Amino acid sequence: MSMKAPRGTMDILPENTAKWQYVEKQIKEICDAYYYHEIRTPIFEHTEVFQRGVGDSTDIVQKEMYTFEDRGGRSLTLRPEGTAAVARAFVENKLYGSPNLPEKLYYFGSMFRYERPQKGRMRQLNQFGVEAMGSEDPAIDAEVIDLAMQIYRRLGLKSLKLVINSLGDKESRKAHRDALVAHFDPYREELCSDCQSRLDKNPLRVLDCKKDRDHPAMKTAPSILDYLNEKSQAYFEQVKAYLDAMEISYTVDPNLVRGLDYYNHTAFEIMSEADGFGAITTLAGGGRYDGLITEFGGPDTPGIGFGMGLERLLMALQVENIDIPVDTKLDCFVAGFGSEKVRTETVKLVHQLRSAGIQTDTDYQHRKMKGQLKAADRLKAKFVIFLGDDELDKQLVTIKKMGTGDQKEVSVDHIVSEIKELLLEES
RNA sequence: GCGGUCGUGGCGAAGUGGUUAACGCACCGGAUUGUGGCUCCGGCACACGUGGGUUCGAUCCCCACCGGUCGCCCCA
């Protein structure tokens with residue numbers, strides 16, 4: 001048996017971590033502009049957090065959680081999504097008492113879902129997410145959507161589609177739910193087995209079933225939009241008006257339901273329309289969850305947020321051929337060759353350069369001088385410092401500028417300042 | 001959980017029921033006694049996913065499993 005990373009997980013190697021870091025940096029800058037602050041919650045929680053937060057009837061809870069018992073017999077679960085945990089933290093730390101509501105939070109982190117991996121789907125996935133808790137202003141809904149779109153736009157993505165919908169408030173949802181059951185019940189036997197149980201547990205989900213998509217009853221199904229009460233209607237209109245004001249284009253899809261139980265009012269999803277993106281197109285999804293905080297024992301507090309898949313974001317960048325600027329040049333390579341005395345001197349010199357803040361590397365493979373030059377070339381070294389027995393005798397080193405091949409001798413005492421100066425000229 | 005497809009050195013990629021399993025890239029060395037990127041030459045390489053079966057013999061044929069990948073369900 002060979003040791004391999006578990007199915008659905010992956011190593012992100014140095015050649016790629018630079019891309020991740022770039023993307024994360026861009027996102028953080030945007031969060032800073034929108035004045036959201038980072039929260040870090042545990043990577044696992046008591047299982048109930050997700051059962052109650054996400055909802056018992058959801059796919060996530062029913063078949064996708066990594067749940068285990070710890071040595072103390074507690075049932076714990078690797079977080080499958082971010083919102084429930086942030087809501088738990090919000091209540092536990094009594095952030096609802098903050099004078100600065102809404103509490104505007106963002107997070108980065110790994111989420112875990114036991115699913116069959118495919119393009120754009122991993123068992124350990126990385127998400128960025130945002131939660132704004134404590135405000136029921138349509139403007140914050142629009143802000144959160146804007147923030148998500150801003151990220152994609154800043155990174156240069158073009159083929160995007162924003163879909164929004166309103167699920168209404170409790171009253172609207174109940175009216176719609178009753179209407180749905182009444183509508184589909186006569187056809188119960190004709191629907192797929194999933195939908196038959198959905199009809200009882202969560203009739204809303206019947207609407208986004210792909211198997212029964214073509215069933216005649218689907219087309220005539222009551223739309224949530226027709227059941228929004230006045231307040232819900234007005235709220236949705238206002239959100240759209242704010243999006244219009246920001247010139248963010250969107251499509252209203254009455255069938256956009258979102259899989260999690262906690263959503264109400266605004267729901268949205270951002271998808272990629274780029275060719276070659278694979279079967280899964282959702283880049284980010286989110287919505288309003290006004291009952292979630294009370295579910296965790298907090299005061300009645302509204303909230304809205306979204307989760308964004310970072311693997312999918314990276315994939316979208318690749319599919320749209322967007323280059324990520326990565327600086328791979330090495331400032332300085334020390335090529336030491338000769339006696340053991342030189343080796344010691346090389347170690348010392350490399351240390352000095354690094355201590356002075358100069359990015360420096362050297363050879364550890366016992367390469368010949370020519371091999372060291374090749375290595376320096378591979379590393380895209382700007383300068384190579386030669387240190388051999390001759391140099392040691394004369395207390396000099398030779399500095400070579402790789403771009404031009406120019407070189408000059410410098411006294412060992414002045415190497416650091418000399419290199420610093422040369423690097424300054426380079427940039 | 002179900003289905004398609006794939007599984008040969010670090011990477012890419014030929015190939016065969018039977019003596020040392022091509023080749024390319026990469027890497028190391030030499031041509032150039034202490035100087036990279038080009039060229040030529042040489043070298044290195046823990047490779048046929050795992051376990052069974054058929055066979056005198058299997059990397060090749062059969063089966064199972066494992067893994068990758070793509071898709072279904074659903075989602076980030």
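Residue numbers start from 1 in every chain, and the chains themselves are labelled A, B, ... in the order their sequence lines are given, proteins ahead of strands. The shown structure was predicted, so the numbers you read here are calculated from the model rather than taken from an experiment.
Distance from the side chain of A/Y114 is smallest for B/G1 among the nucleotides B/C75, B/G71, B/G1.
OP1 or OP2 of B/G71 has at least one side-chain nitrogen or oxygen of A/Q118 nearer than 4.0 Å. Between A/R7 and B/G68 there is a side-chain polar atom (N or O) within less than 4.0 angstrom of OP1 or OP2. At least one side-chain nitrogen or oxygen of A/R367 sits closer than 4.0 Å to the OP1 or OP2 atom of B/C28.
Listed by residue number, there are no residues of residues 80-87 of chain A with a heavy-atom contact under 4.0 Å to RNA chain B. Listed by residue number, there are no residues of residues 28-41 of chain A with a heavy-atom contact under 4.0 Å to RNA chain B. Only at 4.0 angstrom or more do the heavy atoms of residues 409-417 of chain A sit from any atom of RNA chain B, so none qualifies. Against RNA chain B, the stretch residues 374-406 of chain A makes heavy-atom approaches under 4.0 Å through A/K374, A/D377, A/R378, A/F386, A/D390, A/E391, A/K400, A/M402, A/G405.
Looking at heavy-atom distances under 4.0 Å, A/Q372 makes no contact with the nucleic acid at all.
Taking the ring centre of A/Y114 as origin, the terminal cationic atom of A/R123 falls inside the region bounded by 6.0 Å and 45° from the ring axis.
Between A/R52 and A/E48 there is no salt bridge, since none of the side-chain N atoms of the basic residue sits less than 4.0 Å from a carboxylate O of the acidic one.
Consecutive Watson-Crick or G-U pairing (both distances under 3.5 Å) extending over three or more pairs maps onto RNA chain B as B:1-7 with B:66-72, B:10-12 with B:23-25, B:27-31 with B:39-43, B:49-53 with B:61-65.
With sequence neighbours excluded, no residue forms a ring-ring contact (aromatic ring centres under 6.0 Å, His included) with A/H183. In this view, A/H37 and A/Y35 satisfy the side-chain contact (heavy atoms from CB on, under 4.5 Å) rule, not counting sequence neighbours. By the side-chain contact (heavy atoms from CB on, under 4.5 Å) test, A/A316 pairs with A/L157, A/F277, A/L283, sequence neighbours left out.
For residues 347-357 of chain A, every residue pair satisfying the salt bridge (Lys or Arg N to Asp or Glu O under 4.0 Å) rule, not counting sequence neighbours, is listed here: A/E345-A/K348, A/R354-A/D361. Legend: salt bridge (Lys or Arg N to Asp or Glu O under 4.0 Å) pairs involving residues 380-390 of chain A, not counting sequence neighbours, sorted by first then second residue: A/D331-A/K382.
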Under a 4.0 Å heavy-atom criterion, the protein footprint on nucleotides 38-47 of chain B, written with B, S and -, is ----------

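Between B/C60 and B/G52, the two P atoms lie 14 Å apart (nearest whole Å). With both ends at atom P, the span from B/G49 to B/G67 equals 16 Å, rounded to whole Å.
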Show me the protein contacts with nucleotides 3-11 of chain B, counting only N or O atoms at under 3.5 Å.
none

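To the nearest angstrom, C1' of B/A76 lies 15 Å from CZ of A/F50.
Within a 6.0 Å sphere centred on CG of A/D393, other residues, nucleotides and ligands contribute more than 12 heavy atoms.
With ring centers used as reference points, A/Y36 lies 6.0 Å or more from A/Y106.
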